[in-house]
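Just below is one structure, and these are the notes that go with it.
Residue numbering restarts at 1 for every chain, and letters A, B, ... go by the order of the sequence lines.
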Protein chains: 2
Amino acid sequence: MKLKELAEKLNLSQTTVSRALNGYPEVNEATRERVNKAALKFGYSANANARRLAMGRVGAIGLVIPADSSQRFGPHTAEFLAGLAERLSRDEIDFLLSPIVDNDEISVYKRLISSKRVDAIIVSGPVLVDERVSMLIDANFPFVLHGRTNIDRPHAWLDIDNQGAFYQAASHLLDLGHRHIAMIDGLRGFTFSEHRELGYRQALSERGVEIDPRFIVHDYFSDEIGFRETQRLLSCTPQPTAIIAGSMMTALGVSRAVRNKGYQLGKQVSLITHDDVFPYLNASNMVPSMTTTRSSMRSAATRIAEMLVRVLDGEPVDNIHELWPVELTVRQSSGPPISG
Amino acid sequence: MKLKELAEKLNLSQTTVSRALNGYPEVNEATRERVNKAALKFGYSANANARRLAMGRVGAIGLVIPADSSQRFGPHTAEFLAGLAERLSRDEIDFLLSPIVDNDEISVYKRLISSKRVDAIIVSGPVLVDERVSMLIDANFPFVLHGRTNIDRPHAWLDIDNQGAFYQAASHLLDLGHRHIAMIDGLRGFTFSEHRELGYRQALSERGVEIDPRFIVHDYFSDEIGFRETQRLLSCTPQPTAIIAGSMMTALGVSRAVRNKGYQLGKQVSLITHDDVFPYLNASNMVPSMTTTRSSMRSAATRIAEMLVRVLDGEPVDNIHELWPVELTVRQSSGPPISG
DNA sequence: CTGTTAGCGCTTTCAT
DNA sequence: ATGAAAGCGCTAACAG
């Protein structure tokens, strides 16, 4: 069923039917009602492509995702998508996931823009100087960045205080008396990862604690890495008495390695985890319950979606940025150091 | 930059330029090269909406996802999307995630179809008699079902042998001598969940083991449910000596509850988990390593994407269905029962 | 091999 | 308050 047919059935012009359907004010209310009823009855719904071609607006936002089986597409991404969906569905905005082809990420963004398939883009996982961001600014294409990058031109972003998170975690451990503290975080190069390391270093430096490079790990977020690296760390001399884990997945591996060695969390080894709030994996339910720095991926995504709508409504982007604090929740997995 | 302008710059007709760009054979190779170079130079890329409007084909497939903060959008979905991306990127097919609005799932599907935004749809999480499937068949719209439903009309699907999985798991436990076996699986109503219960019941019945309804749990896949339900189960009389968990998340909770009670996995309580293969959470790395029924969500998705391409190429759907076996891998978390 | 000419289905001036 | 007609940017017959 197309507009023309619907119009014929109603003995109206396409124009009027279109206007009625799209809520234009100049339509007689009686007519509008008649049209709406008919549309419903015949299951009419506008051809999105024609509509967009005519309007130049799309009703979808784009998201570029890794296509390989890398670990970059994990539970974090899932939470993120869920958060976006939650907000965007209100405005009937869909999202288009474009896999990266040929490992050429930037050109996927370019195609996405020039092919006019999306009204705006969400950029995730920025690195310190992110060329995607400068490209999008150059192209004057609407976007919101999830995270931060060192590019000093106005753009919309939302980030959590990663530096503060690890600073708090490390400081808490230092307060407890720990002097050998390790961190196992995400891949190097990503802003969040660098910021976290910064926070960690800052806390240690402030107390005059020397930084042992063997105690700083950057890798994928996974159970396995957490396990392996913890085993390695626990065979170092001196041994770390505390570990900060960058994700819940990592933390699961850390816990396992600690248990495996006959140690207890919160005793021989303290553990603080950054928790992105997974509905299916809850830090407070663990045994022992886990001390965390906590920040919800899902809420961040929902908020980002909101910011995106504002950007699309033409609000100037220099006002659109938020830095979310991260809250340290002390539970049982962290305690004063005891000699192993 | 639009086609017309590009054509003018080249002193060619739009048609020729279009043909050159789209790889039509009748174009002179020299011309084609000239066109391609110019396109690259000016950063031309066709307006997708115009293209689709003209061709009636979209180059995108649709996926309907829950928009609420339900647990339905979890790590399984993430793996699934990653698998799709892997395959679809080869054909430059994007996917459109449409959140469910107003809890009216079926109308989201209808809109997706009539608005011509996607060429095909992937349907996930079928229930025993799934109205989405019958609707799509009625509408004659291309789709592939991930899972199965009791609708006896030809359609493409891929499912894993959920019944076999739980049958194998239960049989293995029975072989080991267990007589009190519990299962904690996904929500009731979903086909996979019902099939799994069927397999479980079948195995127990075959050995003349009575089925205790308290030992059958259906709920979300989460750490917390696993923990709570295991605590409940371990306070039953008689106690189950073995548990089959429907997902890794559940199993994490089960393990925790078992440890917490001073029991060991594979001793007082055996555990078999269905593992969808998460890159960040590996059954064989656990301590004790976990006995699993194993089936990769990601590979299934990749395969489904492939089937979808075949459907779109017009292959008759009655030939397009696959039932994947599920393989039991015995590791350390399952052993003969010992008295608690 | 290249060009001319119609559409694809909708929105939007501009009239009335 | 309604309609006629002109695009939106592209592809696909049909000619040559």
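- Rounded to whole Å, the distance from NZ on A/Lys4 to P on D/dA5 is 13 Å.
- Contact annotation: A/Ser18 side-chain N/O to C/dC10 OP1/OP2 distance is not under 4.0 Å.
- Atom NZ of B/Lys116 and atom P of D/dC10 are 21 Å apart (whole Å).
- Judged by distance alone, the side chains of B/Asn28 and B/Arg34 never bring a donor and an acceptor atom under 3.5 Å apart.
- Across B/Leu112, B/Leu96, B/Thr77, B/Leu84, a single residue satisfies side chain to side chain contact (heavy atoms under 4.5 Å, CB included) together with B/Leu63, and that is B/Leu84.
- A close approach under 4.0 Å does occur between a side-chain nitrogen or oxygen of B/Thr16 and OP1 or OP2 of C/dG3.
- A donor and an acceptor atom, one from each side chain of B/Arg52 and B/Asn47, are nowhere located under 3.5 Å apart.
- The nearest heavy atom of DNA chain C to A/Ala54 and to B/Asn11 marks one nucleotide each, and the one closer to the 5' end goes with B/Asn11.
- Across all strands, A/Asn22 comes closer than 4.0 Å only to sugar-phosphate atoms, never to a base (heavy-atom distances).
- Between the CG atom of A/Leu10 and the P atom of D/dA1 there is a distance of 18 Å, given to the nearest Å.
- Relative orientation of the B/His76 and B/Phe278 rings is perpendicular, given thresholds of 30° and 60° on the angle between their planes.
- In this structure, the CD atom of A/Gln14 is 10 Å from the C1' atom of C/dT11, given to the nearest Å.
- Rounded to whole angstrom, the span from the CE atom of A/Met55 across to the P atom of C/dG9 amounts to 17 Å.
- The side-chain heavy atoms of B/Asn150 and B/Thr191, taken from C-beta on, include no pair separated by under 4.5 Å.
- Heavy-atom nearest nucleotides on DNA chain D were determined for B/Ala50 and for B/Thr15, and the one closer to the 5' end corresponds to B/Ala50.
- Residues from residues 28-46 of chain A placing a heavy atom under 4.0 Å of any atom in DNA chain D, listed by number, are A/Asn28, A/Thr31.
- Dashed line: the shortest gap from a side-chain N or O of A/Lys2 to OP1 or OP2 of C/dG9 is under 4.0 Å.
- Between the side chains of A/Thr16 and A/Ser13, at least one donor N or O lies within less than 3.5 Å of an accepting N or O.
- Atoms CG (A/Leu53) and P (C/dT11) sit 11 Å apart, rounded to a whole Å.
- Contacts of A/Arg19 with the nucleic acid, taken as non-hydrogen atoms under 4.0 Å apart, include base atoms.
- No side-chain donor from either of A/Arg298 and A/Ser296 sits under 3.5 Å from a side-chain acceptor of the other.
- Where the helix from C/dC1-D/dG16 to C/dT16-D/dA1 starts and where it ends, the local axes point in directions that differ by 30°; five pairs per end, rounded to 10°.
- Taking the centre and axis of the six-membered ring of A/Tyr44, the NZ or CZ atom of A/Lys2 falls outside the cone set by 45° and 6.0 Å.
- For A/Arg57 and C/dG9, the CZ to P distance is 24 Å, given to the nearest whole Å.
- Counting to the nearest Å, the P atom of C/dG3 and the CD atom of B/Glu26 are 13 Å from each other.
- Side-chain nitrogen and oxygen atoms of A/Tyr24 include none within less than 4.0 Å of the OP1 or OP2 phosphate oxygen of D/dA1.
- Classification of A/Arg111 and A/Asp104 as a salt-bridged pair fails, no side-chain N sitting under 4.0 Å from a carboxylate O.
- Phosphate contact (OP1/OP2 of C/dG3, side-chain N/O of B/Ser13, threshold under 4.0 Å): present.
- Within a 6.0 Å radius of CG in A/Asn103, other residues, nucleotides and ligands contribute 12 heavy atoms or fewer.
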